[in-house]
Amino acid sequence: MGKKEEVIHQVQSAATGEIHEVNTYRTNNNLEMTDGKNAAKLLKEAQANLIFTAGTGYVPELRRNFSIFALLGVGFGLTNSWFGISASLITSISSGGPMMIIYGILIIATISMCIAVTLSELASAMPNAGGQYYWTMKLAPPKYAPFASYLCGAFAWAGAVFTSASVTISIASTLVGMYVMNSSDPDATYKTWQVFVTYQLVNIFLLFFNIWEKPLPHISLASLYISLASFVIITIVVLAKSSGHYQTAHFVFVEFSNGTGWSSAGIAFIVGLINPNWSFSCLDAATHLAEETLSPQTDIPKAIIGTVIIGLVTSLVYSIAMFFCIRNLDEILKSTTGSPIMDIYRQALNSKAGATGLSCLILFTAIGCNIASHTWQARLCWSFARDRGLPGSRYWSKINPRTGAPVNAHIMSCVWCAIIGCIYMGSTTAYNSLVIGCILFLLLSYLVPVVFLLIKGRDNIEHGPFWMGKLGLVCNVVLIFWAVFTTIFYSFPAVMPVTAGNMNYVSVVIAVFFIYCVVYWFARGKKQFRTEEEREKDANELTAQLSNEVEKLETIVSALGFKAV
């Protein structure tokens with residue numbers, strides 16, 4: 001065996017765990033190394049893992065395969081603001097009409113940028129798959145850190161599950177709406193049981209996309225491209241086919257129509273903000289992929305900020321275009337398809353087939369959104385479980401050695417999505433409640449670490465490459481105010497008068513979940529939850545092992561004449 005072949009054999013041995021002691025801690029030992037370029041890439045990953053372990057005490061278990069564009073694919077693929085406007089259109093239209101959504105987008109996008117800056121600062125300073133619950137553990141006073149971190153993690157994961165459920169219902173509603181619109185029966189209307197059954201089937205089908213880790217970056221990129229392409233195609237087609245039949249600028253930008261039953265136009269407007277707020281929620285998604293990218297300190301902030309910017313441009317242009325093309329608002333408000341955006345397409349194109357075709361683009365975008373949501377919820381569940389924050393954590397904290405993904409955590413989260421979907425059968429406003437639950441659970445999980453950040457002092461932590469100084473402080477305050485404001489006002493009923501069927505039950509859901517968290521904490525969680533001190537006691541040993549791996553890989557790469565990429 002020649003010298004080069006011998007070195008390549010050493011590289012292959014490194015990839016299969018023969019020359020380093022931490023092979024039992026990592027799942028990416030089966031990488032096929034055939035040349036120095038791949039060896040340099042493995043070295044770069046080992047270096048990133050070394051920095052991560054030295055700073056956190058966590059074992060590196062996931063592959064660092066996500067590029068900045070793949071991260072953006074997950075971030076925007078999940079938030080997908082223009083799709084979010086389509087999915088929950090009816091709430092805002094009845095709360096103020098088109099102008100409510102347009103100005104709501106501008107308001108929410110401004111607030112979302114403040115949230116994005118706050119999350120980006122924390123993710124840059126403390127990159128970790130745990131995201132907000134990990135930041136809370138680092139920022140809160142030692143006396144309160146375990147419970148505050150546990151509560152934050154529980155709320156974040158609940159928000160992720162509610163998000164997946166709300167997106168799944170939007171997919172099911174679109175499928176049933178397409179069936180109703182193309183039915184030969186002119187009196188056909190969508191039925192709750194049809195949406196429920198479709199929901200459960202979609203949930204099972206989309207579960208399989210997050211079983212394998214390797215294709216996820218490619219799926220994320222494809223979702224980003226599909227979403228942007230669908231936005232362009234739908235916008236152009238609807239505008240072109242509506243030529244000569246546009247609404248007036250007064251209808252789109254000025255006319256306010258309160259169909260909620262609230263006597264106060266202000267309350268109706270605030271209730272209507274739920275739609276654009278959902279369209280800019282889940283901004284923490286990229287933070288939970290911190291252990292799957294080589295440069296999380298810079299890549300994650302770029303993905304989060306980019307998500308808001310793209311979301312603002314696409315949702316604003318899309319909304320204005322769609323509202324100029326509405327021909328009969330009353331017909332849309334009385335939609336029998338359960339998917340009002342589909343009726344806008346049909347009015348604009350004057351064709352059921354054309355509306356169905358555009359709805360397919362919405363459907364493909366929604367599927368990408370749901371896959372991204374599953375990626376997000378699985379990482380949240382897995383990272384929370386590795387600190388023993390959930391019942392049965394020893395099962396949910398496992399990384400499947402064959403697929404490289406947190407399969408158990410993913411399946412368990414999808415089971416809860418199926419259970420939450422049953423709410424839809426009990427309330428005609430269940431979808432709206434799921435959307436609100438998604439928003440509030442997540443905002444509350446953002447609120448906790450930011451409060452402790454301000455108590456500790458922004459200058460008393462080690463800053464990351466992304467740090468906005470005084471502007472960051474303003475963003476922190478805006479986030480806190482918004483989280484409190486929405487928790488109060490988004491708990492109001494969407495319509496008046498209130499009945500058992502249209503009541504907003506989100507406050508009940510949050511209260512029940514909070515009580516469960518407190519009971520579980522004192523009954524079991526307090527003893528089980530892993531504290532920062534417990535986790536970091538093994539950091540020195542793990543760091544020494546990873547340092548040894550890095551040194552050996554540096555030798556191999558140097559022998560092959562390559563530099564780390």
Side-chain angles (χ1 to χ4, degrees), residues 25-28 52 56 58-66 74 77-78 127-134 137 149-165 167-168 203-217 219-220 282 284-293 370-421 438 441-442 445 513 516-517 520 524-525 528-530 535:
Y25 301 136
R26 303 176 60 208
T27 60
N28 53 343
F52 166 73
T56 66
Y58 283 107
V59 173
E61 296 184 83
L62 297 171
R63 298 168 182 165
R64 296 183 180 269
N65 287 341
F66 276 80
V74 172
L78 173 56
N128 188 280
Q132 51 266 52
Y133 100 81
Y134 173 77
M137 188 181 298
S149 176
Y150 157 78
L151 190 63
C152 182
F155 271 60
W157 178 62
V161 173
F162 268 78
T163 300
S164 293
V167 176
T168 307
N203 186 46
I204 293 173
F205 171 69
L206 293 181
L207 179 151
F208 292 97
F209 285 86
N210 268 273
I211 296 295
W212 294 271
E213 182 276 337
K214 188 175 182 179
L216 277 180
I219 293 175
S220 300
C282 315
D284 64 299
T287 69
H288 303 290
L289 296 169
E291 296 167 40
E292 297 176 70
T293 179
N370 209 335
I371 293 172
S373 187
H374 283 179
T375 303
W376 170 49
Q377 72 176 14
R379 269 60 179 176
L380 254 171
C381 180
W382 163 76
S383 61
F384 194 39
R386 67 181 174 179
D387 281 321
R388 301 192 290 271
L390 294 169
S393 287
R394 66 181 181 277
Y395 302 112
W396 322 131
S397 61
K398 301 293 184 183
I399 296 294
N400 189 294
R402 293 186 177 181
T403 67
V407 176
N408 293 353
H410 171 51
I411 292 175
M412 193 268 281
S413 297
C414 286
V415 168
W416 275 106
C417 285
I419 294 172
I420 291 174
C438 150
F441 273 125
L442 292 175
S445 75
F513 188 74
Y516 154 76
C517 290
Y520 178 77
R524 188 169 184 271
Q528 296 292 323
F529 192 63
R530 189 163 63 154
R535 186 186 66 251

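Residues take their numbers from the sequence shown, with the count starting at 1.
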Do side-chain atoms of W382 reach the backbone of S397 as a donor and acceptor pair under 3.5 angstrom? yes

Do the two ring centres, one from Y133 and one from F155, sit under 6.0 Å apart? no

Is there any salt bridge (charged side-chain N to carboxylate O under 4.0 Å, His left out) pair reaching into residues 207-216, and which pairs are they, with sequence neighbours excluded? R63-E213

Could you check whether the rings of F209 and F205 sit parallel, tilted or perpendicular, using 30° and 60° as the cut-offs? perpendicular

Quick one about D387 and Y58 (side-chain donor to acceptor, distance below 3.5 Å, no hydrogens or angles considered), yes or no? yes

If a pair satisfies salt bridge (charged side-chain N to carboxylate O under 4.0 Å, His left out) and one of its residues is in residues 388-399, list it, with sequence neighbours excluded. R388-E534

Could you tell me which residues satisfy salt bridge (charged side-chain N to carboxylate O under 4.0 Å, His left out) with D284, sequence neighbours excluded, listed by chain and number? none

Could you go through residues 409-417 and list every donor-acceptor pair under 3.5 Å that involves a side-chain atom there, pairing it with any protein atom two or more places apart or in another chain?
from, atom 1, to, atom 2, distance (Å)
H410, NE2, L207, O, 2.6
S413, OG, W157, NE1, 3.1
S413, OG, A409, O, 2.9

Quick one: side-chain hydrogen bond (donor to acceptor under 3.5 Å, both in side chains) partners of Q377, sequence neighbours excluded? S164

Applying side-chain hydrogen bond (donor to acceptor under 3.5 Å, both in side chains), can you list everything that pairs with T56, at least two apart in sequence or on another chain? none

Donor-acceptor contact present, side-chain T168 to main-chain N203, <3.5 Å: no

Please tell me if the side chains of S383 and Y134 come closer than 4.5 Å, counting only heavy atoms from C-beta onward. no

